[in-house]
Amino acid sequence: MSTDRPYIISLGGSLIIPQATQQINIDYLVQFKQLLSSHIAQGKRFFIITGGGYTARQYQNAGKPLAELSNSDLDWLGIYSTHLNAQFIRTILKEWSYPHILDRADQNFTDIDQYPVVVSGGWHPGNSTDYIAVKIAEKYGAQKLINLSNIDYVYTADPKVDPEATPIETMTWSEFRTMVGDTWDPGASAPFDPIASKEAEQQCIEVAILNGENLENLSKYLDEDEFVGTVIS
Ligand code: UTP
């Protein structure tokens, strides 16, 4: 097994179950698996942290009119949704993956580096899986992480609302954190969550925001070729 630093991938829930179809995207996962297979064959190792996406939002939104739910209640519904997605991804990658998902902060598995793939869900209320990806990068010695969602770049404004919005290729944490703010809102959707951004800035972790739908582009990133996306450092 390669001793290189692992790649940390935050796999947004919207890539597993896109909002548009509300179905598991099997075609995408077949291709994602092929991509991993070819990079694992080169000796690369991956931590994949799965988001809760559509499933999380379904439960969170359904719960709100039924009871007075705290942020923590909503977060736990989200966390268990990430665990379901994590178990699913771990299972479909079972030929390479560590046989358990990571689901708590206090787990210390000693044999984890024997496996080319380790899958994690969320750990505790107060953040999204982006934060867990940053903590895993810290814990397992990676200085970079890849955030896969369904946007090509971070833009100067929301391109769906503002036609003047332009893509940003590189930015500092300070610039990014001015855009996303400092507070946690369960179910809110920023290109990278504010709590995770604060931690990444403190730990000097570089985050590449890529469109996970474009797997050729992800492959270029992994091969250290030119790629489309925003790098925050
Ligand atoms: P996600 O990481 O999926 O957040 O966790 P998201 O912003 O919805 O991201 P996408 O859409 O998947 O890319 C879903 C929800 O689970 C809770 C939060 O409420 C989050 O919004 N969560 C997740 C936690 O509270 N703690 C965690 O460690 C992870």
Side-chain angles (χ1 to χ4, degrees), residues 8-25 28-29 32 47-64 67 69-90 101-107 118-139 145-154 158 160 176-177 179-200 205 207-214 218 229-230 232:
I8 315 291
I9 297 183
S10 180
L11 181 67
S14 63
L15 294 165
I16 304 169
I17 305 184
Q19 181 71 36
T21 60
Q22 302 173 4
Q23 306 276 339
I24 297 174
N25 194 347
Y28 175 74
L29 292 170
F32 183 69
F47 281 82
I48 300 172
I49 301 91
T50 56
Y54 174 73
T55 311
R57 274 187 293 278
Q58 276 277 97
Y59 281 108
Q60 288 172 334
N61 291 337
K64 281 179 199 165
L69 300 184
S70 65
N71 273 3
S72 167
D73 293 327
L74 294 169
D75 280 343
W76 278 112
L77 292 174
I79 290 168
Y80 284 109
S81 307
T82 70
H83 291 180
L84 180 58
N85 279 341
Q87 285 293 4
F88 176 60
I89 296 298
R90 183 195 67 75
I101 61 162
L102 307 189
D103 57 10
R104 293 197 318 268
D106 60 357
Q107 288 164 314
V118 180
V119 184
S120 180
W123 290 356
H124 41 55
N127 48 263
S128 82
T129 44
D130 295 343
Y131 179 80
I132 307 308
V134 175
K135 295 306 281 183
I136 286 179
E138 275 171 57
K139 193 165 173 178
L145 77 82
I146 308 161
N147 184 70
L148 297 183
S149 63
N150 53 8
I151 55 167
D152 289 328
Y153 289 102
V154 176
D158 184 348
K160 284 186 213 124
F176 184 75
R177 292 189 58 213
M179 283 171 85
V180 295
D182 251 344
T183 48
W184 173 242
D185 172 18
S189 160
F192 203 68
D193 113 43
I195 309 301
S197 300
K198 187 173 180 190
E199 184 72 11
I205 289 175
V207 173
I209 308 276
L210 307 190
N211 190 334
E213 286 162 3
N214 184 349
L218 172 61
T230 301
I232 316 169

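In this chain, numbering begins with 1 at the start of the sequence shown. Order of listing sets the numbers, starting from 1, for every ligand and every atom in it. Because the structure is a prediction, the values reported are computed rather than measured.
Using the six-membered ring where Trp is involved, Y80 and H83 have ring planes that are perpendicular, over 60° apart on the 30 and 60° scheme.
Close approach of ligand 1 to I132 is summarised as follows: ligand atoms under 4.0 Å from at least one heavy atom of the residue are 28 (O). Residue G13 has at least one heavy-atom neighbour below 4.0 Å for each of these atoms of ligand 1: 10 (P), 12 (O), 13 (O). Atoms of ligand 1 found under 4.0 Å from any heavy atom of H124, numbered from 1 in the order shown, are 24 (C), 25 (O), 26 (N), 27 (C), 28 (O). Near G122, meaning under 4.0 Å from any of its heavy atoms, are these atoms of ligand 1: 27 (C), 28 (O), 29 (C). Every atom of ligand 1 with a heavy atom of G53 under 4.0 Å away is listed here by number and element: 3 (O), 11 (O), 12 (O). For ligand 1, the atoms lying closer than 4.0 Å to a non-hydrogen atom of R57 are 8 (O), 11 (O). Near G78, the atoms of ligand 1 lying under 4.0 angstrom from a non-hydrogen atom of the residue are 15 (C), 16 (O), 17 (C). Listed by number with element, the atoms of ligand 1 under 4.0 Å from a non-hydrogen atom of P186 are 19 (O).
At least one heavy atom of W184 sits under 4.0 Å from some atom of ligand 1. Heavy-atom distances between S149 and ligand 1 stay at or above 4.0 Å for every pair.
Side chain to side chain, S72 and D75 fail the donor-acceptor criterion of an N or O pair below 3.5 Å. Between Q87 and R90, the side chains place a donor N or O and an acceptor N or O closer than 3.5 Å (distance only, hydrogens not considered).
Distance CD1/I132 to CG/L145: 12.0 Å, rounded to 0.5 Å. For the atom pair CD of Q58 and OG of S81, the computed distance is 9.5 Å after rounding to the nearest 0.5 Å.
The backbone N or O of G53 lies less than 3.5 Å from no partner atom in the side chain of S14, so there is not a single donor-acceptor pair.
Using a 4.5 Å heavy-atom threshold, the side chains of W184 and S128 count as touching.
I89 pairs with exactly one of L84, I101, I49, L29 by the side-chain contact (heavy atoms from CB on, under 4.5 Å) rule, that one being L29.
Checked by distance only, ligand 1 and T82 stay at 3.5 Å or farther apart across all their nitrogen or oxygen atoms. For ligand 1, none of its N or O atoms has an N or O atom of G51 under 3.5 Å away. Of the polar atoms of L74, none of the N or O atoms is found under 3.5 Å from an N or O of ligand 1, judged by distance alone.
One option in D193, N127, D75 has a heavy atom closer to atom 24 (C) of ligand 1 than any other, and that option is N127.
No more than 12 heavy atoms of other residues, nucleotides or ligands sit less than 6.0 Å from atom OH of Y59.
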